[in-house]
Peer 1: 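Provided herewith is a single structure, encoded as structure tokens, for subsequent inquiry.
The first residue in the sequence is number 1, and the count goes up from there. Note: hydrogens, waters and symmetry copies are ignored here, and every other heavy atom, side chains too, is used.
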Amino acid sequence: MPRVFVTQAIDPAGLAVLRDAGLDVAEHRGERPIGRGPLLAAVKGCAGVIPMPTDRIDDAVLATAGLRVVAHHAVGYDNIDLEAAKRRGVIVTNTPGVLTAATADLTLALMLAAARRLVEADQLMRAGAFAGWRPLLLRGLALDGARLGIVGLGRIGRAVARRAAAFGLQTVHCSRSDKPDAGIERVDLETLLATSDIVSLHCPLTAETRHLIDAAALARMKPGAILINTARGPVVDEAALVEALESGHIAAAGLDVFEDEPRAHPGLRALPQAVLAPHIGSATVAARRQMALKAARNMVAALAGDTPPDRIA
Ligand code: DGY
């Protein structure tokens with residue numbers, strides 16, 4: 001019976017698919033992601049592994065004797081060495097589509113929270129410091145009529161644009177893809193940064209996008225603009241963002257991902273105008289169940305010798 005290792009507790013529906021297919025399933029259980037040594041040890045003897053974005057699936061993991069399939073429990077796969085997988089003949093899959101709505105919803109939640117200063121408002125109430133209604137208390141950015149710049153118009157970027165329209169945001173985008181852009185004006189990155197009231201990142205993490213939003217990019221953004229990142233932490237130079245927030249040049253940020261996860265820059269933690277979330281973009285019951293099901297079905301198909309639906313290598 002082929003053995004599959006799952007590196008975190010996942011929705012039981014996914015485990016049931018694996019077990020119903022006759023696979024021997026082992027899971028890492030624990031509050032923290034599995035460490036490097038335990039991961040290498042656990043994968044030994046396995047035909048498949050279902051990893052999380054917290055696991056580095058590099059050549060050392062992919063070289064494990066007998067490992068045939070990596071069915072990623074995520075859509076972003078910057079943590080997996082696809083070239084090494086191809087070279088070693090290991091099949092890799094991911095979970096596109098099923099977390100689009102959840103991640104787009106969280107993007108809007110961060111946008112609203114940053115624009116309307118919800119962390120500051122919450123802190124004020126908890127401190128018992130609300131002295132009564134005042135016209136100038138905690139004024140924020142009105143979304144209606146503001147300009148939203150989406151960097152990366154993939155599935156999630158488009159879903160954000162659809163939601164943004166309901167709030168009256170005027171959306172532009174910059175994207176490398178040549179797909180039709182759903183009637184959204186396309187501009188270059190310079191223009192997007194210089195003219196957007198809110199910049200929202202939806203690009204994958206690649207060598208090209210690492211620190212795409214660095215000190216120079218932040219300086220080019222409109223004074224008082226807001227930055228939202230639900231993509232990958234290293235797309236933003238976090239130390240530069242802290243400086244831009246401290247100086248007031250960037251009014252607020254909404255961040256679900258961090259450069260050195262799970263750690264957030266201490267400067268960010270000290271700033272109430274930074275709304276921080278622990279990488280929960282896809283964390284709805286429905287999305288996490290669908291991700292588990294997709295990963296499991298990809299695994300079962302690949303181990304049976306069929307082409308898995310979401311093969312990326
Ligand atoms: C992904 O799937 O890439 C997210 O970051 C985790 O849901």
Side-chain angles (χ1 to χ4, degrees), residues 1-35 38-39 42-43 45-57 61 67-80 90-110 154-156 159-160 202 204 230-233 256-258 261-262 277-304 306-313:
M1 182 188 279
R3 188 174 173 84
V4 169
F5 180 63
V6 187
T7 71
Q8 287 268 323
I10 62 170
D11 190 284
L15 298 177
V17 168
L18 297 170
R19 293 195 173 113
D20 288 352
L23 299 170
D24 171 19
V25 183
E27 285 175 276
H28 167 68
R29 288 172 193 273
E31 291 298 307
R32 292 175 181 280
I34 190 167
L39 172 67
V43 173
C46 289
V49 60
I50 296 187
M52 310 296 138
T54 42
D55 305 315
R56 185 159 46 90
I57 306 298
V61 177
L67 185 69
R68 288 154 52 203
V69 183
V70 174
H72 197 22
H73 188 283
V75 67
Y77 47 82
D78 48 277
N79 56 319
I80 302 176
V90 176
I91 293 172
V92 183
T93 64
N94 70 341
T95 63
V98 292
L99 48 88
T100 303
T103 308
D105 287 353
L106 189 86
T107 304
L108 265 292
L110 290 174
R155 283 187 196 84
I156 295 171
V160 168
H202 301 286
T230 55
R232 283 292 183 265
D256 185 45
V257 287
F258 300 91
E261 258 177 64
H279 204 149
I280 53 168
S282 64
T284 64
V285 174
R288 290 284 164 85
R289 179 161 303 149
Q290 291 305 320
M291 289 164 76
L293 285 168
K294 232 182 199 312
R297 289 176 183 145
N298 281 320
M299 176 64 74
V300 169
L303 288 179
D306 299 329
T307 304
D310 307 298
R311 183 169 183 171
I312 50 174

Peer 1: Testing I50, L39, L67, V25 one by one against F5 for a side-chain contact (heavy atoms from CB on, under 4.5 Å), which residue passes?
Peer 2: L39
Peer 1: Nearest 0.5 angstrom please: H73 NE2 to T93 OG1, how far?
Peer 2: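 Those atoms lie 11.0 Å apart.
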Peer 1: In Å and rounded to the nearest 0.5 Å, what is the CD1 to OG1 distance from I91 to T307?
Peer 2: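 Taking CD1 in I91 and OG1 in T307, the distance rounds to 7.5 Å.
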Peer 1: Considering only residues two or more places apart or on different chains, which pairs with a residue in residues 94-107 satisfy salt bridge (charged side-chain N to carboxylate O under 4.0 Å, His left out)?
Peer 2: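 For residues 94-107, and leaving out neighbouring residues, the salt bridge (charged side-chain N to carboxylate O under 4.0 Å, His left out) pairs sorted by first residue read D105-R163.
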Peer 1: How about T230 and T103: does a side-chain donor come under 3.5 Å of a side-chain acceptor?
Peer 2: no
Peer 1: For a 4.5 angstrom cut-off between non-hydrogen side-chain atoms, does M299 reach R68?
Peer 2: no
Peer 1: Scan I80, V92, T7 and name whichever one has a side-chain contact (heavy atoms from CB on, under 4.5 Å) with I57.
Peer 2: I80
Peer 1: Kindly compute the distance separating CG (D306) from CZ (R311), expressed to the nearest 0.5 Å.
Peer 2: 12.0 Å
Peer 1: Going from CG on D20 to CG on L15, what distance comes out if it is rounded to the nearest 0.5 angstrom?
Peer 2: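 Here the rounded value is 10.5 Å.
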Peer 1: Just checking, any donor-acceptor pair under 3.5 angstrom between side chains of H72 and N79?
Peer 2: yes
Peer 1: Evaluate side chain to side chain contact (heavy atoms under 4.5 Å, CB included) for H202 paired with T107, printing each intermediate quantity in order.
Peer 2: CA-CA 10 Å; H202 301 286; T107 304; 3.6 Å; yes
Peer 1: Going by heavy atoms in the side chains, are S282 and R288 under 4.5 Å from each other?
Peer 2: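 Of all side-chain heavy-atom pairs linking R288 with S282, at least one is under 4.5 Å.
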Peer 1: So, do V300 and R297 sit near enough that their side-chain heavy atoms are less than 4.5 Å apart?
Peer 2: no
Peer 1: How far apart are the closest heavy atoms of A292 and I10, and which atoms are they?
Peer 2: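 Distance-wise, the nearest heavy atoms are CB-CD1, 4.0 Å.
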Peer 1: Measure across A42 and C46 and return the closest heavy-atom pair with its distance rounded to 0.1 Å.
Peer 2: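 Between these two residues, the closest heavy atoms are O-SG, 3.4 Å.
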Peer 1: First locate atom CG of D310, then atom OH of Y77, and finally report the distance between them rounded to the nearest 0.5 Å.
Peer 2: 11.5 Å
Peer 1: Hey, are the side chains of M52 and V6 touching, using non-hydrogen atoms and a 4.5 Å cut-off?
Peer 2: yes
Peer 1: Search all heavy atoms of L99 against all heavy atoms of A287 and return the closest pair with its distance.
Peer 2: CA-CB, 4.3 Å
Peer 1: Can you tell me how far NZ of K294 sits from OG1 of T95, rounded to the nearest 0.5 angstrom?
Peer 2: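 Result: 7.5 Å between the selected atoms.
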Peer 1: Using every non-hydrogen atom in the two residues, find where A295 and A71 come nearest and quote the distance to one decimal.
Peer 2: O-CB, 3.4 Å
Peer 1: What pair of heavy atoms forms the shortest contact from G281 to D256, and how long is it?
Peer 2: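 In terms of heavy atoms, the two residues are closest at N-OD2, 2.8 Å.
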Peer 1: I'd like to check P38 versus H28 (side-chain heavy atoms, cut-off strictly below 4.5 Å). Are they in contact?
Peer 2: no
Peer 1: Can any side-chain N or O of N298 pair as donor or acceptor with the backbone N or O of N94 at less than 3.5 Å?
Peer 2: yes
Peer 1: Which atom names give the shortest non-hydrogen contact between L18 and V4, and what distance separates them?
Peer 2: CD1-CG1, 4.4 Å
Peer 1: Does F258 CZ have over 12 foreign heavy atoms under 6.0 Å away?
Peer 2: yes
